[in-house]
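A quick write-up on the structure given underneath.
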Amino acid sequence: LLKNPVAGLFCIGFGKRLTLWKKGSFSDFHNLHPNEALTHFVYKWAWENGFKVCDFTALDRTIAACLLDGRDLTQHQSKSRHMFNIRLGGKPKLLPRAMIWCNNSLLRIGLKFLAYCGKA
């Protein structure tokens, strides 16, 4: 019997949606698959408590696009940490990209310039 925590999963419930936000485990116990066990436990708990959707909060956009288009994943993508959620039944959904709107035109120009500099 283990006396110390092996893994943790932090969830946020809102309405009928349960967001599985942060998870992690100690590498010493990787062979016990604690993240998978916790996720399955949370699925069962969520269903028993009336939640209708479990949200994983993040998936690499290129992986989501490939899966939605029916294209094969690259070797790098298929070994990604994001595949954990897909293997457990997660389904990708592409959301609009994040945007910032600033009503002040001078400040908006400055923000665009900073965004452009960040890509260089």
Fill in: Transitive ILVMFWY side-chain link W45 to L38, under 4.5 Å
yes
Item to complete: Would you mind reporting whether L9 and N35 have side-chain heavy atoms less than 4.5 Å apart?
Response: no
Worksheet item: Under 6.0 Å from the CD atom of Q75, do we count more than 12 heavy atoms belonging to anything else shown?
Response: no
Worksheet item: Is the CZ atom of R17 crowded by more than 12 outside heavy atoms at less than 6.0 Å?
Response: no
Discussion item. Check for me, please, whether F41 and V6 land in the same ILVMFWY cluster - side-chain distances under 4.5 Å, paths through other members count.
Written reply: no
Fill in: Evaluation steps, side chain to side chain contact (heavy atoms under 4.5 Å, CB included), between K16 and V53
CA-CA 6 Å; K16 298 291 179 184; V53 175; over 6 Å; no
Worksheet item: Are any non-hydrogen side-chain atoms of Q77 and H82 less than 4.5 angstrom apart?
Response: no
Worksheet item: Hey, are the side chains of C11 and V42 touching, using non-hydrogen atoms and a 4.5 Å cut-off?
Response: yes
Item to complete: Check whether any side-chain heavy atom of T39 lies under 4.5 Å from a side-chain heavy atom of K44, and answer yes or no.
Response: no
Discussion item. Do L18 and D55 make a side-chain contact, defined as non-hydrogen atoms from C-beta onward lying under 4.5 Å apart?
Written reply: no
Worksheet entry | Closest approach of L106 to N104 (non-hydrogen atoms, all atoms of both residues) | N-OD1, 2.9 Å
Worksheet item: Under 30°, 30 to 60°, or over 60°: which ring-plane class applies to F26 and F29, parallel, tilted or perpendicular?
Response: perpendicular
Fill in: Side-chain touch W21/F56, heavy atoms, less than 4.5 angstrom
no
Discussion item. Within the 4.5 Å heavy-atom criterion, are C54 and L20 side-chain neighbours or not?
Written reply: yes
Discussion item. Looking at R81, I want to see if its CZ is surrounded by more than 12 non-hydrogen atoms of other residues, nucleotides or ligands under 6.0 Å.
Written reply: no
Worksheet item: Do the side chains of M83 and L88 join up, straight or via other hydrophobic residues, at under 4.5 Å, putting them in one cluster?
Response: no
Practice prompt. Let me know which of D72, I86, T62 forms a side chain to side chain contact (heavy atoms under 4.5 Å, CB included) with L67.
Written response: I86
Worksheet item: For N31, does the CG atom have more than 12 heavy-atom neighbours from other residues, nucleotides or ligands under 6.0 Å away?
Response: yes
Discussion item. One pair to check against side chain to side chain contact (heavy atoms under 4.5 Å, CB included): F14 and T19. What are the steps and the verdict?
Written reply: CA-CA 8 Å; F14 187 78; T19 300; over 6 Å; no
